[in-house]
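Let me begin by presenting the structure, written as structure tokens, before commenting on it.
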Amino acid sequence: MNNYLIDEEILEKIVEQIIAESKIEKSADELASFKKEKMEELDDKIGMAVLGELNQQQLKEFDELLDGEDDSEEIFKEFFMTAGMDVEEKAKEVIMIFKEEFLKEVNG
Amino acid sequence: MDRSGERGGNTLSYDEWNEYAKKLDEEWKSLDEGRGVTSESGEVERRETEPTPADIRRSLEKARQGEKKGIKKYVAGAVLAAFLFAQSTGMLSFLSNDEKVDENVLNNNQKRIESRAEEQERIGIYDGYGEKGMYLDEEKTHPNNFGHAGHAMEVCGGDIVETVKYTAENEVEAMACYLASMPNEVKPQDWKNLTIKETEEKLESMSVNDFETIQTEFNNILDEAVCSPVILKGQFNNTFIKPKNPDGPINHENMRAVRVITNEDGTLATKFAWEVETEDGRKNVCMFVKISKAEGTEKHCLNALVPAWDKEWSIIYRDLPDLEPRPDPTPEKPNIVPPVQPPVKPPEKPNIVPNNPEKPQVPEKPNIVPPVVPPTLEGKNDALTNQDIKINNQKLGQTSELTEKKTEKDYYQPGIMNTEIKADQGKKEGIGSGGAVNLETGKTYIEGEEVETNDGQEIKPTFSKETNEESKETADKVSGGDGQPSVIETPEVVQGLAKDAVGSITQEKFSGADFNQPGTTDEELGSIFSDIEGEK
């Protein structure tokens, strides 16, 4: 099992698209490790941004959900909805910022 | 925040204090904006109760490391939806900031796109390979001004179900393709077993009221679907639109739908799945809709797909001509998942038998492959009734006959696809449409060759031992290791919620569902698959 919060395939897809469009030139080995690094970075950014939207009490409740019996997707969806959070919107925002930062990085 | 104490304890004048307070507010605001909090109430609450970055990280790690899959599924679904939206609206386009503000560059880009469109038009592919299924922009301010999936996604707030409805509403061809591609089990009675063209003709011949009725019914069917993101494998049938006469005007009357088979390996799609009650009990059926991006433009289209090897469902294309000239079936570049590398195996031990003149070597047994027995539709698909099977068999027969009889001239004769919609019928004029597909059930495919039939029975190819292992590994990688393969349920994701989730669509548009049912053994599957190959 990987240590990503987000599904690895999805992270890979996003990073690959950004890499492909940036036309960055790297050897296959370099590219593989660069991709992995960026996937971890994106996973971290999205995770921190999403959970960073929660207040102390909500974060505590989130932890309790993680410890609880119910492991359905539904329960987390309800939790974020109740917390007034649009995870999709936040993710979109982070992906866009990530793309901008990536561009700056590869273009120096 | 109460600042009275601070104010009382210093010697600032009222104006200075106001200035200072304003500055403090600005600082707080900028801090909170960085965290995505902008509202006044949000600010106050956040300042008093916000967790530290360390707290957040601790929870994040807990979510990552824990055994709980629910949170991962939920976040994965949301992120994928965000990505699809960003991709479809061109938000992920990699124009640099300089390019964005430089009008000359923009103009050059526009010219490039336009010249590409001209080139596409010249070779007879209207508005570009990869833009199958676009609906016509209502305003039509320019002959090439087509609305596209990105626009539709924006209008619908990124909701894929709403986007499908929207394109269907705006374009009868799109509706025809979606409707024809839906599983028979969920279609209204009169619409079962119709081809795309038949569906379209039927839609066009309806009165406004009847059309609205079927549209409402269509929307309701979509609302009952559970949607989940998947990654496709293999070749699929698509439809898109080309001019009947390349020198003629680019308008509705001069356009017709054609079929083309494209390699969709690694491309993202959305699975619409339904759980239906049949005589044999409950079963799962589905169809796939995808947004594709045209290489070199920022346009995207929305279309339904049917796996090319799925003879049963490919018949919905039987009366559409094939596209000529054929485009390169390479999938759009940004939407490619690189092929999974086969595992590196240690070199096998060489099987060396020392020469022994006293014991002559026995010649090896010839490698005899047993003959392949063709499968029957009845055996493949329990869900269809006997009548359905007869119809399908009949249609398959017709397909062969048509294929034999049709010539290139037949394919290109004007009027083969009359897609005109009378304005007074209240339907919107449009061209382009979703390609169609329907897979009955949560099927999986490896290289477009792995099937799961209506009853959830899988049909797998006969692989050599090595190939089979590699494929299994690929499938495991993409499907969370459950051996269920190649239409990849993205997050390890989107499995297991079908029963509970049915009927709750929009909110759960990317929630997962496991529509894969227990399959037969590899040997059985391999045998059946070989048979299908034999049919091809």
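Checked by atom type and distance alone, the side chain of B/Lys72 pairs as donor or acceptor with a backbone atom of A/Tyr4 at under 3.5 Å. For the pair A/Asp71 (side chain) and B/Gly70 (backbone), a donor-acceptor distance under 3.5 Å is present.
In this structure, the separation between CD on B/Glu61 and CG on A/Asp44 is 7.5 Å, given to the nearest 0.5 Å. Note: A/Ile14 CD1 to B/Leu80 CG = 7.5 Å, rounded to the nearest 0.5 Å. If you take NZ on B/Lys73 and NZ on A/Lys77, they are separated by 13.0 Å, rounding to the nearest 0.5 Å. The CD atom of A/Glu88 sits 8.5 Å away from the OH atom of B/Tyr74 when rounded to the nearest 0.5 Å. From B/Ile71, atom CD1 reaches atom CG of A/Leu5 across 6.0 Å, with rounding to the nearest 0.5 Å. With rounding to the nearest 0.5 Å, the separation of NZ in B/Lys62 from CG in A/Leu59 is 9.5 Å.
For A/Lys60, the NZ atom sits in a loose shell: 12 or fewer heavy atoms of surrounding residues, nucleotides or ligands are nearer than 6.0 Å.
When all heavy atoms are compared, the tightest approach of A/Ile6 to B/Ala76 is CG2-CA, 4.3 Å. Pairing each heavy atom of B/Ser59 with each of A/Asp63, the nearest pair is OG-OD1, 2.8 Å.
Using a 4.5 Å cut-off between heavy atoms, A/Phe80 touches chain B through its side chain atoms alone. Using a 4.5 Å cut-off between heavy atoms, A/Leu65 touches chain B through its backbone atoms (N, CA, C, O) alone. Both the backbone and the side chain of A/Leu66 come within contact range of chain B, each with at least one heavy atom under 4.5 Å from a heavy atom of that chain.
Under the 4.5 Å side-chain criterion, counting only non-hydrogen atoms from C-beta, B/Arg64 is in contact with A/Asp43. Considering only heavy atoms from C-beta on, B/Leu60 comes within 4.5 Å of A/Met48 through its side chain. Side-chain atoms of A/Gln17 and B/Phe83, non-hydrogen and from C-beta on, do get closer than 4.5 Å to each other.
Partners of B/Asp55 by salt bridge (charged side-chain N to carboxylate O under 4.0 Å, His left out), not counting sequence neighbours, listed by chain and number: B/Arg58. For A/Glu101, the salt bridge (charged side-chain N to carboxylate O under 4.0 Å, His left out) criterion is met by A/Lys45, not counting sequence neighbours.
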